[in-house]
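Let me begin by presenting the structure, written as structure tokens, before commenting on it.
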Amino acid sequence: MSNFIRQVIEADNASGKHGGKVVTRFPPEPNGYLHIGHAKSICVNFGLAQDYNGVCHLRFDDTNPVKEDVEYEDSIKEMVRWLGYSFDGHLYYASDYFSKLYEFAEHFIERGLAYVDSQSPEEMRANRGTFETPGTNSPFRDRSVSENLALFREMREGKHADGAHVLRLKIDMASPNINLRDPAIYRIRHTAHHRTGTTWCVYPLYDYTHCISDALERITHSLCTLEFEAHRPLYDWVLARLVESGKLTLPSPQQIEFARLNLTYTVMSKRKLIELVETGLVNGWDDPRLWTLAGLRRRGYTPASIRLFAERTGASKAHQWVDMIELERALREDLDATAARAMVVLDPIRVVIENWPEGHVELCSAPVHPHDESRGRRTFEISREVFIEREDFMEIPSKGFFRLVPGGEVRLRYGYIIKCERVEKDENGRVTTIVASYDPATKSGTQGGRNVKGAIHWVSRSDAIAAEVRLYDRLFTVENPDEGDGDYKDYVNPNSLQTVRAWCEPTLASAAADQSYQFERNGYFTPDRVDSKAGALVFNRAATLKDGWKP
RNA sequence: AGGGGAGUCGCCAAGUGGUAAGGCACCGGAUUUUGAUUCCGGUAUACGUAGGUUCGAUCCCUUCCUCCCCUGCCA
């Protein structure tokens with residue numbers, strides 16, 4: 001699909017601006033876990049590079065030692081790979097450029113384009129002005145080059161305390177764009193960095209670091225989110241000055257902004273995600289109800305489905321608020337084509353087939369995948385006693401219900417047609433057993449046999465295996481938990497997790513994490529990668545099947 | 001003396017001077033031993049608003065409206 005970023009790339013390719021090269025980058029700060037919003041950015045950056053025979057760099061934006069950690073780096077790398085993208089030979093760190101960045105900073109000072117400001121943060125804020133009024137120059141703005149250089153070197157040598165000074169670019173305190181009002185580019189932090197250790201006690205800030213990192217890596221198109229639009233003049237300013245003095249060469253990378261993803265029934269802010277985890281509203285970063293990549297993976301989302309979702313929702317400059325249904329649909333589409341089928345009864349009710357010989361067992365078989373016979377067949381038993389889904393029986397059927405009813409017939413899928421003869425109930429009137437009869441001439445696969453409209457899933461008491469199944473619903477009850485005056489946490493869905501004991505067909509005994517199954521007529525499920533063990537299976541429901549029936 | 005962006009079907013999203021792609025959702029119908037899938041068909045006289053330019057405007061110009069972002073030594 002066409003989009004405005006592709007148009008820029010194609011125009012550049014046509015003009016030969018970058019010699020036909022496309023180099024993008026995904027630049028996470030290693031200070032949190034990736035979520036579906038990041039996945040979109042990953043797919044846009046890696047996907048575009050792939051489409052134009054280019055490369056995409058993974059670059060950790062690790063310029064703030066007080067917030068970052070290797071734990072996050074590992075998780076980010078794992079998730080980018082999981083999504084299906086490779087950054088072999090293209091893994092970078094902003095911290096690798098600290099020396100270069102420092103050298104350029106001195107260069108800016110020497111050209112009279114940067115100065116050490118010794119105002120307090122409060123003074124700086126006050127002097128920055130407001131949206132309507134210009135800022136005022138710092139009293140330290142006219143320090144001499146030699147004084148600035150000496151001071152900056154002392155900062156680097158650790159002779160000054162955190163916050164005592166900051167290095168600022170000398171641009172224009174009266175600019176209507178606040179980002180151009182002498183932005184700070186270096187601050188003092190006597191903090192060890194997880195990669196450079198204690199080598200540095202001055203660390204560069206984002207605006208200064210990012211554009212130069214892009215240029216050093218010869219990024220052609222630097223894609224970021226809309227909130228950086230007002231930073232672009234600064235991005236261009238820094239690079240233009242460096243090009244002027246021959247420190248960098250043309251063409252410079254071009255920053256292009258697109259809208260970040262919003263998904264209904266979620267909140268994307270890092271702060272809120274952390275809060276959900278830390279307050280125990282969910283069980284960790286990989287809780288299957290979460291839209292973190294770790295959570296989606298555990299839930300049963302596939303990389304292909306997330307890529308499909310990203311492709312469909314596209315990249316544009318309009319603020320997007322994508323319906324969760326779109327994500328679910330992408331998953332179903334992928335899994336319908338790939339997932340092996342199995343029969344599992346989530347809410348069992350016992351059926352006794354009274355004309356079935358006591359102790360007699362027969363084998364039934366079904367395709368692993370109904371649209372792909374090459375995947376082979378699976379077999380399971382049928383016996384006198386089977387379990388069916390409680391909701392597949394109605395003692396007093398509503399209009400249009402064509403499953404099992406008293407006196408009615410239904411096919412046990414891949415088995416026989418049975419007829420409900422009568423029901424047994426407990427003292428509360430709840431049906432405990434359905435007594436049925438079967439028609440021996442109707443075994444599945446029999447040629448010329450008669451058929452009935454309804455076909456339901458079932459498992460045989462003789463070979464069924466037990467499993468715990470976790471049924472998930474959306475974490476929030478409203479489309480936009482951030483909307484309105486209330487706290488978003490007030491909209492947490494109390495029924496977002498329901499755990500049931502289910503009966504599964506025996507082929508599921510070997511189910512392993514990262515395998516997806518369609519439990520026929522129920523939905524898509526995957527073994528829980530943390531809790532499921534051989535002999536103690538735990539399945540997560542990734543998505544239900546579309547249900548077109550309305551009573 | 002504010003600046004920068006965005007407004008095309010319920011949700012995404014192409015088109016950017018020649019008479020509104022596509023996807024999701026939805027509604028019909030066919031097939032179906034998953035009320036699934038698949039397959040056919042339907043779904044904006046209309047592009048935030050009001051004017052203007054033009055033979056012709058979603059597209060160009062102007063007005064107004066709505067929404068988002070920016071005053072971290074965060075990214």
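Residue numbering restarts at 1 for every chain, and letters A, B, ... go by the order of the sequence lines. Here the structure is a predicted model, which means the values were calculated and not measured.
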### Query
Syn or anti for B/G72, with syn set at within 90° of 0?
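This nucleotide is in syn.
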Pick base, sugar-phosphate or nothing for [X], based on heavy-atom distances below 4.0 Å to the nucleic acid.
| X | value |
| --- | --- |
| A/Y203 | nothing |
| A/Q7 | sugar-phosphate |
| A/A164 | nothing |
| A/R168 | nothing |
| A/N451 | base |
| A/M343 | nothing |
| A/S2 | sugar-phosphate |
| A/T264 | nothing |

### Query
In terms of the nearest nucleotide of RNA chain B, which residue is placed more toward the 5' end: A/S118 or A/T313?
A/T313
### Query
Hey, which of these two, A/L226 or A/H371, hits RNA chain B nearer its 5' end, going by closest nucleotide?
A/L226
### Task
Look only at the side chain of A/T225 and the backbone of A/E227, and say whether a donor-acceptor pair between them is shorter than 3.5 Å.
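Here the side-chain-to-backbone pair does not exist.
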Of the candidate nucleotides [options], which contains the atom at the shortest distance from the side chain of [X]?
| X | options | answer |
| --- | --- | --- |
| A/R413 | B/A14, B/U33, B/G5 | B/U33 |
| A/I325 | B/C24, B/C74, B/C73 | B/C24 |
| A/E520 | B/A75, B/U34, B/G35 | B/U34 |
| A/R125 | B/G72, B/G5, B/G2 | B/G72 |

Starting at [atom1] of [X] and ending at [atom2] of [N], how long is that distance when rounded to a whole Å?
| X | N | atom1 | atom2 | result |
| --- | --- | --- | --- | --- |
| A/E132 | B/C70 | CD | P | 15 Å |
| A/E483 | B/C67 | CD | P | 13 Å |
| A/Q320 | B/C68 | CD | P | 17 Å |

Has the side chain of [X] got a donor or acceptor that lies under 3.5 Å from a partner of the other kind on the base of [N]?
| X | N | value |
| --- | --- | --- |
| A/E333 | B/U37 | no |
| A/E257 | B/G5 | no |
| A/S444 | B/U33 | yes |
| A/R341 | B/U34 | yes |
| A/R411 | B/U33 | yes |

### Query
Under 5.5 Å between ring centres and under 30° between planes: true for A/F131 and the base of B/U71?
no
